[in-house]
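Below: one structure, written as structure tokens.
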Amino acid sequence: MSKDYLAARQKKLISQLKRIGAEALLVTSETNVTYLTGFSGDSSYLLIGKGLTVLISDGRYSTQLEEECPGLDVYIRKATESMTVALEKVLKKSHLPKLGFESHVVTCDLLDALSSLTPAVQWIPVSGLIEELRMIKDASEIQEIREAVSQAQRGYEVLRAILTEEMTELQAAHELEHAMRRFGARQAAFDPIVAVGARAALPHAMPTEKRIGEAPFLLVDWGAMTQNGYRSDLTRMIVHGRTPAKFEKVYQTVLKAQVAAIKAIRPGVLCSEVDQTARDVIQKAGFGKHFTHSLGHGIGLDIHEGPRLGGNISTELKPGMIVTVEPGIYLPGWGGVRIEDDVLVTRTGHEVLTNVPKDFESNKL
């Protein structure tokens, strides 16, 4: 990760601290520490403010920190030293009376410990500040997600090539992740979903020993994680054998809803408006009550992050945001259809980052 991108992120965060009345922020979310420093380890805190950036970690990561974060101020705590004691020592040197903390991450027990160890410090709750910054991807993040998309799509091509009716959902999921790793992914972005027939009505179905040949269609929801931790997220249907006429009707409805929603994506449009665009198509086709989740979500270092494309989300789309668009229709006992792509909001509209074919005929084996 380029130092310039990391410095720009840190600068944006520091500029926000004055607004909340804090002189520095204690970052305890491992994902947010990674976002601000490039450090990929765990069990580490970041103290950041104007003229102050200190990462508190332990001896396991001494060499890794030198490799991933050269030039960053680091406090390596002893094996006998707790994280809170280490933080107390760092704070005594910094002389900061007002500190923000990630209130959506810090437990009550940790806050009590911090307050008792630092009675002179006023702890100010801060929720979602870094997550707001993460909504808009910089150029390096967009490139990482492009790579995650490529890894996922190449892995999917392998799965389609080797898929047999005797293969189980679980075997297919394992083969898919293995293929993505072969193309450079650190791992799957999340546990792949492979759901045959009626099980496709479960939006987050866990793969089982059910065989691919037990129904004429299956849902595959998958993504790749790059070596730097960025993720992609796609869903496609695979059709083999003779499908019921109802299946194609449901499929075409979902596809029409997805295409309409993607077309609506551009700067200034509300997330709720994009969600409603897809929902209107599905409602008009008579399947409204069977579209049971929001339309999509942001992706990045987490598989689910802001912004969310939902009916009650008034967030305005801005250039640099990357969202999934994944309408679905789920009919219990029969099956379901979901189609999902990753979409970048650009200055003039949008760019679909994923390009796995999704017309009905292309999804037949």
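Keep in mind it's a predicted model, so treat the numbers as computed, not measured. Along the sequence shown, residues are numbered consecutively beginning with 1.
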Inset, instruction - Compute whether any side-chain donor of one residue and acceptor of the other, for Glu144 and Thr226, lie under 3.5 angstrom apart. - result: yes

Legend entry - Common cluster, Leu52/Leu13, ILVMFWY with side-chain heavy-atom separation under 4.5 Å: no

Inset, instruction - Go through Ser40 and Gln64 one step at a time and tell me if the side-chain hydrogen bond (donor to acceptor under 3.5 Å, both in side chains) criterion holds. - result: CA-CA 9 Å; Ser40 62; Gln64 185 174 331; 3.1 Å; yes

Inset, instruction - Look only at the side chain of Thr168 and the backbone of Glu209, and say whether a donor-acceptor pair between them is shorter than 3.5 Å. - result: no

Inset, instruction - Please list all pairs passing the ring pair (Phe, Tyr, Trp, His ring centres under 6.0 Å) test where one or both residues lie in residues 299-323, with sequence neighbours left out. - result: His297-His304

Legend entry - Distance-only donor-acceptor check, side chains Gln153 and Thr354, under 3.5 Å: no

Inset, instruction - Could you list all the ring pair (Phe, Tyr, Trp, His ring centres under 6.0 Å) pairs where at least one residue sits in residues 201-227, not counting sequence neighbours? - result: Tyr156-Trp222, Phe217-Phe247, Phe217-Trp334

Inset, instruction - Say whether, by atom type as modelled, one donor and one acceptor occur between the side chain of Ser362 and the main chain of Lys358 under 3.5 angstrom. - result: no

Legend entry - ILVMFWY network linking Val259 to Ile329, side-chain heavy atoms under 4.5 angstrom: yes

Legend entry - Expected output: side-chain His240 to main-chain Ile212 donor-acceptor under 3.5 Å: yes

Inset, instruction - Evaluate the criterion side-chain contact (heavy atoms from CB on, under 4.5 Å) for residue pair Leu91 and Leu47; output intermediate values, then yes/no. - result: CA-CA 9 Å; Leu91 290 176; Leu47 185 63; 3.6 Å; yes

Inset, instruction - For Arg266, look at atom CZ and say whether over 12 heavy atoms of other residues, nucleotides or ligands are found less than 6.0 Å away. - result: no

Legend entry - side-chain contact (heavy atoms from CB on, under 4.5 Å) between Ile303 and Asp233, intermediate numbers included: CA-CA 7 Å; Ile303 193 59; Asp233 190 1; 3.8 Å; yes

Legend entry - Donor-acceptor under 3.5 Å (Glu102 side chain, Val27 main chain): no

Inset, instruction - Can you run down the salt bridge (charged side-chain N to carboxylate O under 4.0 Å, His left out) pairs that involve residues 29-41, sequence neighbours left out, and say none if there aren't any? - result: none

Legend entry - Residue pair Lys289 / Gln283, side-chain donor-acceptor N/O under 3.5 Å: no

Inset, instruction - Output every pair passing salt bridge (charged side-chain N to carboxylate O under 4.0 Å, His left out) with a member in residues 240-257, not counting sequence neighbours, ordered by first then second residue. - result: none

Legend entry - Sidechain N-carboxylate O distance under 4.0 Å for Arg199, Glu169: yes

Legend entry - Pairs flagged by ring pair (Phe, Tyr, Trp, His ring centres under 6.0 Å) wherever residues 110-142 is involved - sequence neighbours left out: none

Inset, instruction - Nearest 0.5 Å please: distance from the CD1 atom of Ile136 over to the CD atom of Glu141. - result: 10.5 Å

Legend entry - Test: Arg146 and Glu351 ion pair at under 4.0 Å: yes

Legend entry - Donor-acceptor contact present, side-chain Gln143 to main-chain Ser140, <3.5 Å: no

Inset, instruction - Could you give me the CA-CA distance, side-chain angles and deciding distance for Arg236 and Asp341, then say whether salt bridge (Lys or Arg N to Asp or Glu O under 4.0 Å) is met? - result: CA-CA 9 Å; Arg236 289 293 186 271; Asp341 286 297; 2.7 Å; yes

Legend entry - Pairs touching residues 109-122 that satisfy salt bridge (charged side-chain N to carboxylate O under 4.0 Å, His left out), sequence neighbours left out: none

Inset, instruction - Report the C-alpha distance between Tyr230 and Glu147 in whole Å, list the side-chain angles of each, state the deciding distance to 0.1 Å, and finish with yes or no for side-chain hydrogen bond (donor to acceptor under 3.5 Å, both in side chains). - result: CA-CA 9 Å; Tyr230 283 84; Glu147 179 63 21; over 6 Å; no

Inset, instruction - List for me each residue that meets side chain to side chain contact (heavy atoms under 4.5 Å, CB included) alongside Asp275, sequence neighbours excluded, and say none if there are none. - result: Arg279, Ser294, Leu295

Legend entry - Pair Glu305 + Arg134: basic N to acidic O under 4.0 Å: yes

Legend entry - Partners passing side chain to side chain contact (heavy atoms under 4.5 Å, CB included) against Ile76 (at least two apart in sequence or in another chain): Ser57, Ser62, Leu65, Val74

Inset, instruction - Examine Val337 and Val356 and state if one hydrophobic cluster contains both, with Ile, Leu, Val, Met, Phe, Trp and Tyr joined whenever side-chain heavy atoms are less than 4.5 Å apart. - result: no

Legend entry - Cluster check Leu365, Tyr251: I/L/V/M/F/W/Y, side chain < 4.5 angstrom: no

Legend entry - Any donor-acceptor N/O pair, His290 side chain to Leu331 backbone, under 3.5 Å: no

Legend entry - Connected via hydrophobic side-chain network under 4.5 Å: Ile339 and Leu309: yes

Legend entry - Thr235 OG1 to Glu340 CD distance, which is reported to the nearest 0.5 Å: 3.5 Å

Inset, instruction - Test Arg338 against Ile193 for side-chain contact (heavy atoms from CB on, under 4.5 Å), laying out the working first. - result: CA-CA 12 Å; Arg338 181 166 67 251; Ile193 297 169; 4.2 Å; yes

Legend entry - Whichever hydrophobic residues join Val281 through chains of side-chain contacts under 4.5 Å: none

Legend entry - Thr208 side chain to Lys210 backbone, donor-acceptor under 3.5 Å: yes

Legend entry - Whether Arg231 side chain and Met225 backbone form a donor-acceptor pair below 3.5 Å: no

Legend entry - Pairs where residues 114-124 contributes a residue and the test salt bridge (charged side-chain N to carboxylate O under 4.0 Å, His left out) is met, not counting sequence neighbours: none

Legend entry - Axial cation check for Tyr35 ring with Arg9, 6.0 Å and 45° limits: yes

Inset, instruction - Take Ser29 and Val33 through the side-chain contact (heavy atoms from CB on, under 4.5 Å) test and state the conclusion after the steps. - result: CA-CA 6 Å; Ser29 160; Val33 170; over 6 Å; no

Inset, instruction - Decide, yes or no, whether a salt bridge links Asp359 with Lys364 under the criterion of side-chain N to carboxylate O below 4.0 Å. - result: no

Inset, instruction - Decide, yes or no, whether a salt bridge links Glu81 with Lys89 under the criterion of side-chain N to carboxylate O below 4.0 Å. - result: yes

Inset, instruction - Only pairs at least two apart or in different chains count here, so list each ring pair (Phe, Tyr, Trp, His ring centres under 6.0 Å) that has a residue in residues 57-81. - result: Phe39-Tyr61

Legend entry - For Thr53, all residues meeting side chain to side chain contact (heavy atoms under 4.5 Å, CB included), sequence neighbours excluded: Gln10, Leu46, Ile48, Leu72

Inset, instruction - Indicate yes or no for a side-chain donor-acceptor contact from Thr243 to the backbone of Val239 under 3.5 Å, with no hydrogens or angles considered. - result: no

